[in-house]
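No experiment lies behind these values; they were computed from the predicted model shown. Heavy-atom basis, side chains included; hydrogens, waters and symmetry copies ignored.
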Amino acid sequence: MKNNKVVLAYSGGLDTSVILKWLIDKDYEVIAYVANVGQDDDYDEVKAKALKIGASKVYIENLQEEFVTDYIFPAIKANAMYEGRYLLGTALARPLIAKKHIEIAHREKATYVSHGATGKGNDQVRFELAFYALNPNIKVLAPWKMREFLNQFQGRTDMLNYAREKNIPVKASLKKPYSEDDNLLHISHEAGILEDPRYKAEKDMLVKMVAPQDAPDKETHIAIHFKDGIPVKVVNSDDGTIKEKPLELFTYLNKLGGANGIGLLDMVENRFVGIKSRGVYETPAGEILIKAHMDIEGIAMDREVMRLRNMLSPVFSEIVYNGFWFSPEMDFLTAAINKSQELIDGIVYLTLYKGNILIDGRESPSSLYNKDMSSMDIEGGFDQKDSEGFIKINAIRLMAHNAILKKQGKTIV
């Protein structure tokens, strides 16, 4: 007997609800899978909707803790910022969602997995690369790349008509004129009116934070403790609040950062599929943590290790962005970055104020900073006369270059 089971990544929105019913119409048994990575959803309502449409079973998986410890924190350790700015909020969640997706497919003995990502975006790549890496025999049903589906649904109007015809519940509220992806690390806003790169993202778009200019005229003082490059404690110096569990720590920093207008980014980025995309991102906790982490590295990381690790950070970011989390190159990079984080321990003291993260100081039991050697007031253990030979040795190639230019009748300036 043919196995027609398919596990569908289901959000409860219009697209995946239509896909759910459409797959059922094509004689598939559809199991809906909802990944809770921190988005603000009513999961009971989402489950009831999937069952009403016809799903044979619904999985609601709370992945928040794993998201923080196994995906967000490794990215912080790597100082991962795609194209030097984007903190990878969507990209980091995808391999985790895909991993659980494949686990459910295995548990249910399903031949197929399905998702609602379009054929123009990054998510189709991230999901499907992860699927095939984790189960090379899995079969993927991606309706937005299937001619039969595309012929039937030319746009949103066709989907709404289909929803009415099939009695699929659709919220009556007006859809925002842009799309959003929400999770613990960030919320992204893109497409729709934001496809015009000149269009200004207004304050009423913000969800996880207030606009910096609307943040309180009051500073918030915190201390973040690191162990092996991982944040292990946050202390609010103003009211004594302490958070140590990873999920609680991260959620608390989201709250503090958002209240102080921290985490806003508006950029045009290069998608893996070859087109540019404009996105507006809110990433309060992520921005606080990555700046604090970079600061503690300044005092506790060897210079040459930092130089090499800094070469790896953009590579790590591209691998995550492009969907190669489950790859041999990612295994290699993770091992190297983890090694670099040994003894990256200490405390960073920060002030949060109107969109700004001000570093007030730091201390580390593994500090490589020597106050006496750095001092301009005392000699310490550094013999300043040694600098004369150091400079001359480093000037040899510069003087040789000058001699060659003169020989050719040229000058440096």
Side-chain angles (χ1 to χ4, degrees), residues 11 34-44 46 60-78 80-81 86-97 100 180-189 205-212 214-216 218-265 281-293 296 347-353 355-357:
S11 68
V34 184
N36 175 4
V37 285
Q39 66 270 38
D40 185 19
D41 284 342
D42 183 333
Y43 293 99
D44 289 336
V46 171
I60 307 287
E61 298 291 330
N62 189 341
L63 308 177
Q64 294 182 84
E65 189 86 29
E66 188 177 354
F67 186 31
V68 173
T69 58
D70 293 3
Y71 296 84
I72 296 175
F73 284 176
I76 297 296
K77 288 199 293 183
M81 292 180 284
Y86 171 45
L87 292 173
L88 297 162
T90 298
L92 282 167
R94 295 324 191 209
L96 171 58
I97 295 170
K100 183 57 67 173
E180 293 179 329
D181 177 71
D182 185 20
N183 63 42
L184 271 174
L185 181 52
H186 85 167
I187 186 167
S188 67
H189 316 273
M205 180 180 292
L206 302 179
V207 175
K208 290 185 181 293
M209 57 180 287
V210 299
D214 293 336
K218 180 183 178 183
E219 299 176 348
T220 299
H221 304 94
I222 62 173
I224 301 178
H225 297 238
F226 287 91
K227 176 64 178 173
D228 294 336
I230 296 172
V232 293
K233 184 195 294 188
V234 171
V235 179
N236 185 323
S237 307
D238 299 325
D239 62 16
T241 299
I242 297 175
K243 300 293 182 182
E244 296 179 288
K245 294 180 179 179
L247 180 56
E248 290 183 2
L249 178 157
F250 196 83
T251 303
Y252 184 63
L253 284 179
N254 261 338
K255 176 184 174 183
L256 290 183
N260 284 281
I262 290 167
L264 183 61
L265 172 66
Y281 303 105
E282 304 172 49
T283 320
E287 186 170 331
I288 294 169
L289 283 176
I290 205 162
K291 289 191 175 179
H293 178 258
I296 198 65
I347 308 171
V348 181
Y349 300 91
L350 312 98
T351 294
L352 312 179
Y353 181 70
N356 296 290
I357 302 168

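Lys218 approaches Asn260 most closely through the heavy-atom pair O-OD1, 3.9 Å. When all heavy atoms of Ala35 and Ile97 are compared, the pair lying nearest together is CB-CG1, 3.9 Å. Across all their heavy atoms, Gly261 and Pro212 have their closest contact at O-CG, 3.4 Å. Across every non-hydrogen atom of Ile224 and Ala292, the tightest pair is CD1-CB, 4.0 Å. The nearest pair of heavy atoms linking Ile242 to Glu244 is CG2-CG, 4.0 Å. Smallest separation of non-hydrogen atoms from Ser11 and Asp41: O-OD2, 4.4 Å.
By the 4.5 Å heavy-atom criterion applied to side chains, Ile347 and Val235 are not counted as neighbours. With contacts defined as side-chain heavy-atom distances shorter than 4.5 Å, the pair Tyr86/His186 qualifies. Ile262 is listed as a side-chain neighbour of Ile357, based on a closest heavy-atom distance under 4.5 Å. Residues Phe226 and Val348 form a side-chain contact, since some pair of their non-hydrogen atoms from C-beta on lies under 4.5 Å apart. Between Ile222 and Ile288 the shortest side-chain heavy-atom distance falls below 4.5 Å.
Between the side chain of Asn62 and the backbone N or O of Gln64, at least one donor-acceptor pair lies under 3.5 Å. Side chain of Asp239 to main chain of Thr241: a donor-acceptor pair is present (N/O by atom type, distance under 3.5 Å, no hydrogens or angles). Looking only at distances, a side-chain donor or acceptor of Asn183 sits under 3.5 Å from a matching main-chain atom of Gly89. A donor-acceptor pair under 3.5 Å is absent between the side-chain atoms of Asp214 and the main chain of Ala211, judged by distance alone. Asp181 places no side-chain N or O within 3.5 Å of a backbone atom of Ser188 that could act as its donor or acceptor partner. Checked by atom type and distance alone, the side chain of Glu219 never pairs as donor or acceptor with a backbone atom of Thr351 at under 3.5 Å.
Rounding to the nearest 0.5 Å gives a distance of 7.0 Å between CD of Glu287 and CG of Leu87. Leu289 contributes atom CG, which lies 11.5 Å from atom CD1 of Ile230 (distance to the nearest 0.5 angstrom). Taking OH of Tyr353 as the reference point, atom OG1 of Thr220 lies at 10.5 Å (rounded to 0.5 Å).
Taking a 6.0 Å sphere around CG of Asp42, one finds it holds more than 12 heavy atoms contributed by other residues, nucleotides or ligands.
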Under 3.5 Å, which donor-acceptor pairs do the side chains of residues 246-259 form with other protein atoms, sequence neighbours left out?
unit_1	atom_1	unit_2	atom_2	d
Thr251	OG1	Leu247	O	2.8
Tyr252	OH	Asn236	ND2	2.9
Asn254	OD1	Ala285	N	3.1
Asn254	ND2	Leu184	O	2.8

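Partner Asp182 forms a side chain to side chain donor-acceptor pair (under 3.5 Å) with one of His189, Gln39, Lys208 and no other, that one being Lys208.
Remark: Phe67 pairs with no residue by the ring-ring contact (aromatic ring centres under 6.0 Å, His included) rule, at least two apart or across chains.
Sorted by first then second residue, the side chain to side chain donor-acceptor pair (under 3.5 Å) pairs that include residues 66-78, not counting sequence neighbours, are Glu66-Lys99, Lys77-Asn338.
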